[in-house]
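Written below as structure tokens is the structure these notes are about.
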Amino acid sequence: MRSLETLSDWPVDNVSAAVLTAEGTAGTFGDLARVYELASVTKLLVAQAVLVAVEEGAIDLRTPAGAPGATVAHLLAHASGLAFDSRQVVAGVAEQRIYSSAGFEVLAEAVEAETGIAFADYLREAVCDPLGLTATELYGPAGHGARSTVADLARFAAERLAPRLISTGLSAESASVQFPGLDGFVPGYGKHRPNDWGLGFEIRGTKSPHWTAPAHSPRTHGHFGQAGTFLWVDPDRRAAAVVLTDRPFGPWAKPLWSEFNQEILDELDGSGG
């Protein structure tokens, strides 16, 4: 894809990327086997492992977890009331969309408690091994402590386009707005009313400014990470993209990411140059 060539102009030392459609890989850029830190893109893998645990019956979306009155679903949807980086309760359950990395650590512990398997091992057995994610590893906190490659995450994105690990119903639910109408902040992009989120997957909705493109379907879902990484899935286009860099997210990324994603969409839609 021509649009991928613009990545060579990004102010980063290394960048790798892939674009997928329902038919397969539409284009790639860079070293697909290079290992990058994922930062919060980790949450997508962790959420998928939790969903597998739900599918297997090891845990339920309604299982109590975290703050009093909160459940697995609340934690996945950042609606539990836990703070960003601690287990302090800073709001009532389902009152605000408070982005909580600590909440994903609670999720990992809940799955460990119900399965008797260390969560990093469960993630490998439930998600990585079946999908052939041979370079992916959760080595730190469940909210941000994984590393992976574009080759691996492209396989993960393909799973989101055509689910095999979980049912199509549960996959669709995970990409649907949970606890609608909650306001909250997207790190780096300010407050959104509403700040839509699924079960671990941020949902674009009508957010602006945003790291996805203006033309993305409102149903587009995914995540970005402070390591300079992102992954999105646009179910209306049956397309997905993964971009991994080695430069932390900052002012450099905000215009480039949205513009780049728009160029991808233009090319996919047949209106690109």
Side-chain angles (χ1 to χ4, degrees), residues 38-48 50-51 61-108 110 141-145 160 172-214 216-235 248-251 253-254 257-258 261:
L38 297 185
S40 284
V41 174
T42 298
K43 292 181 175 70
L44 299 182
L45 298 168
V46 169
Q48 193 77 10
V50 174
L51 294 172
L61 292 173
R62 297 164 294 185
T63 298
T71 65
V72 167
H74 288 111
L75 289 167
L76 284 168
H78 299 287
S80 72
L82 292 185
F84 165 68
D85 58 356
S86 77
R87 305 191 185 194
Q88 179 182 359
V89 178
V90 294
V93 175
E95 289 183 355
Q96 301 177 48
R97 191 84 66 189
I98 298 175
Y99 182 77
S100 177
S101 197
F104 273 66
E105 297 173 27
V106 176
L107 282 168
H144 56 85
R160 292 297 302 178
E173 184 178 0
S174 72
S176 300
V177 179
Q178 305 293 311
F179 314 106
L182 298 186
D183 299 341
F185 288 87
V186 175
Y189 287 91
K191 190 167 187 175
H192 294 278
R193 298 182 174 88
N195 183 15
D196 289 341
W197 223 280
L199 295 172
F201 296 80
E202 187 201 347
I203 298 174
R204 188 190 191 286
T206 58
K207 295 169 186 170
S208 180
H210 199 251
W211 56 274
T212 59
H216 261 119
S217 158
R219 297 201 302 141
T220 298
H221 54 280
H223 221 292
F224 85 89
Q226 290 293 326
T229 54
F230 66 78
L231 183 156
W232 56 256
V233 178
D234 187 332
F249 172 80
K254 294 178 75 170
W257 285 5
S258 184
N261 283 324

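Here, residue 1 is the first one in the sequence, and each next residue gets the next number.
Sequence neighbours left out, the pairs with a member in residues 218-229 that pass salt bridge (Lys or Arg N to Asp or Glu O under 4.0 Å) are R219-D236. Legend: salt bridge (Lys or Arg N to Asp or Glu O under 4.0 Å) pairs involving residues 71-98, not counting sequence neighbours, sorted by first then second residue: R87-E105, R87-E109. Among pairs with a residue in residues 61-79, those fulfilling salt bridge (Lys or Arg N to Asp or Glu O under 4.0 Å) read D60-R62, at least two apart in sequence or across chains.
T71 has its side chain out of reach of L61: every pair of non-hydrogen atoms, C-beta onward, lies at least 4.5 Å apart. Within the 4.5 Å cutoff, no side-chain heavy atoms of I98 are placed close to those of H78. The shortest distance between side-chain heavy atoms of P180 and P194 does not fall below 4.5 Å. Two residues are said to be in side-chain contact when any heavy atoms from C-beta on lie closer than 4.5 Å; L51 and S174 meet this criterion.
With sequence neighbours excluded, no residue forms a side-chain contact (heavy atoms from CB on, under 4.5 Å) with P248. Applying the side chain to side chain donor-acceptor pair (under 3.5 Å) test to T63 and every residue at least two apart in sequence or in another chain returns nothing. Qualifying ring pair (Phe, Tyr, Trp, His ring centres under 6.0 Å) partners for H74, counting only residues two or more places apart in sequence or in other chains: F179. Residues passing the salt bridge (Lys or Arg N to Asp or Glu O under 4.0 Å) test with E173, sequence neighbours excluded: none. For H223, the ring pair (Phe, Tyr, Trp, His ring centres under 6.0 Å) partners two or more places apart in sequence, or in a different chain, are Y99, W197. By the ring pair (Phe, Tyr, Trp, His ring centres under 6.0 Å) test, F249 pairs with Y189, F224, W257, sequence neighbours left out.
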- Task: List the steps and the verdict of side chain to side chain contact (heavy atoms under 4.5 Å, CB included) for V233 and T220.
- Result: CA-CA 6 Å; V233 178; T220 298; over 6 Å; no

- Please lay out, stage by stage, how D183 and H192 fare under the test side chain to side chain contact (heavy atoms under 4.5 Å, CB included). CA-CA 6 Å; D183 299 341; H192 294 278; over 6 Å; no

- Decide yes or no on side chain to side chain contact (heavy atoms under 4.5 Å, CB included) for H216 and N261, but give the supporting numbers first. CA-CA 8 Å; H216 261 119; N261 283 324; 4.0 Å; yes

Which side-chain N or O atoms in residues 201-210 pair as donor and acceptor under 3.5 Å with protein atoms at least two apart or in another chain?
unit_1	atom_1	unit_2	atom_2	d
E202	OE1	W211	NE1	3.0
E202	OE2	K207	NZ	2.9
E202	OE2	H210	NE2	2.6
R204	NE	T212	OG1	2.7
R204	NE	A213	O	3.1
R204	NH2	K207	O	3.4
R204	NH2	A213	O	3.3
K207	NZ	N195	OD1	2.9
K207	NZ	D196	O	2.8
K207	NZ	I203	O	2.9
H210	ND1	T212	N	3.2
H210	ND1	T212	OG1	2.7

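Atom NE2 of H221 is separated from atom CG of L231 by 9.0 Å, given to the nearest 0.5 angstrom. Between the CG atom of L38 and the OG1 atom of T229 there is a distance of 6.0 Å, given to the nearest 0.5 Å.
With hydrogens and angles ignored, the 3.5 Å screen pairs no side-chain donor or acceptor of S86 with any backbone N or O of A83. A side-chain donor-acceptor contact under 3.5 Å links K43 to the backbone of G143.
Nearest heavy-atom pair, L199 versus A47, reported as atom, atom and distance to 0.1 Å: O-CB, 3.7 Å.
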